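Written below as structure tokens is the structure these notes are about.
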Amino acid sequence: MMAVPTEFLRGLLGFLGLSSAFMSGRSAVAVRKGWQKPSRLYGWAIRTAVCVVAVAFRNPVDIVDLIVWGLVALAFAAGMQSVLRHKPPEDLTRRIFPDEP
């Protein structure tokens, strides 16, 4: 059986942490606006924390950890910005149903 390199697993956990941080940022804004329950935000935050801590597990803190942690912070901010800049859906009622007599 072939062994999986540890660095590959660290990279995979880093990617999962990035995606979880993005969703955590989106959930933070949604909870703030009252669109979601706080439990969804807690779930994403816990997933993010577990992945970020797992990247540094069994290794001293090195440049890979610092890069992943920086990218996680940027992904969180990008998730928040994506929800804050979301356009409301266009109202097409008048175009579909013109003024009827």
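Fair warning: this is a prediction, and the values are worked out from it, not measured in the lab. For this chain, numbers begin at 1 and follow the sequence in order.
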Not counting sequence neighbours, which residues clear side-chain hydrogen bond (donor to acceptor under 3.5 Å, both in side chains) with Glu7? List them please. Arg10
With a 4.5 Å limit on heavy-atom distance, are the side chains of Leu84 and Lys33 in contact? yes
Show me the pairs that pass side chain to side chain donor-acceptor pair (under 3.5 Å) and involve residues 18-28, at least two apart or across chains. Arg26-Ser82, Ser27-Gln36
Enumerate the residue pairs fulfilling side chain to side chain donor-acceptor pair (under 3.5 Å) with a member in residues 38-54, sequence neighbours excluded, ordered by first and then second residue. none
Could you measure the distance from the OG1 atom of Thr93 to the CZ atom of Phe97? Nearest 0.5 Å is fine. 7.5 Å
Joint cluster assignment, Val64 & Val72, ILVMFWY side-chain distance < 4.5 Å: yes
Pairs in or reaching into residues 72-92: which pass salt bridge (Lys or Arg N to Asp or Glu O under 4.0 Å), with residues at least two apart or in two chains? none
d(Cys51 SG, Leu13 CG) to nearest 0.5 Å is 5.5 Å
Please name all residues satisfying side-chain hydrogen bond (donor to acceptor under 3.5 Å, both in side chains) with Arg95, sequence neighbours left out, ordered by chain then number. none
My understanding is that a hydrophobic cluster links ILVMFWY residues whose side chain heavy atoms are under 4.5 Å apart, including indirect links. Using that, what else belongs to the cluster containing Ile46? Val50
Who pairs with Leu74 by side-chain contact (heavy atoms from CB on, under 4.5 Å), at least two apart in sequence or on another chain? Leu71
Co-members of the apolar cluster containing Phe57 [side chain, <4.5 Å]: none
Verify the cluster assignment for Leu12 and Val53: are they in a single hydrophobic cluster under the rule of side-chain heavy atoms below 4.5 Å apart? no
Starting at CD1 of Ile63, measure out to CD1 of Ile67 and round the result to the nearest 0.5 Å. 4.5 Å
Do you reckon Val52 sits in the same ILVMFWY cluster as Leu66, going by side-chain contacts under 4.5 Å, direct or chained? yes
Same cluster or not: are Val29 and Phe76 linked, directly or through other Ile, Leu, Val, Met, Phe, Trp or Tyr residues, by side-chain heavy atoms under 4.5 angstrom apart? yes
Val55 and Gly14 have their tightest heavy-atom pair at CG2-N, 3.7 Å
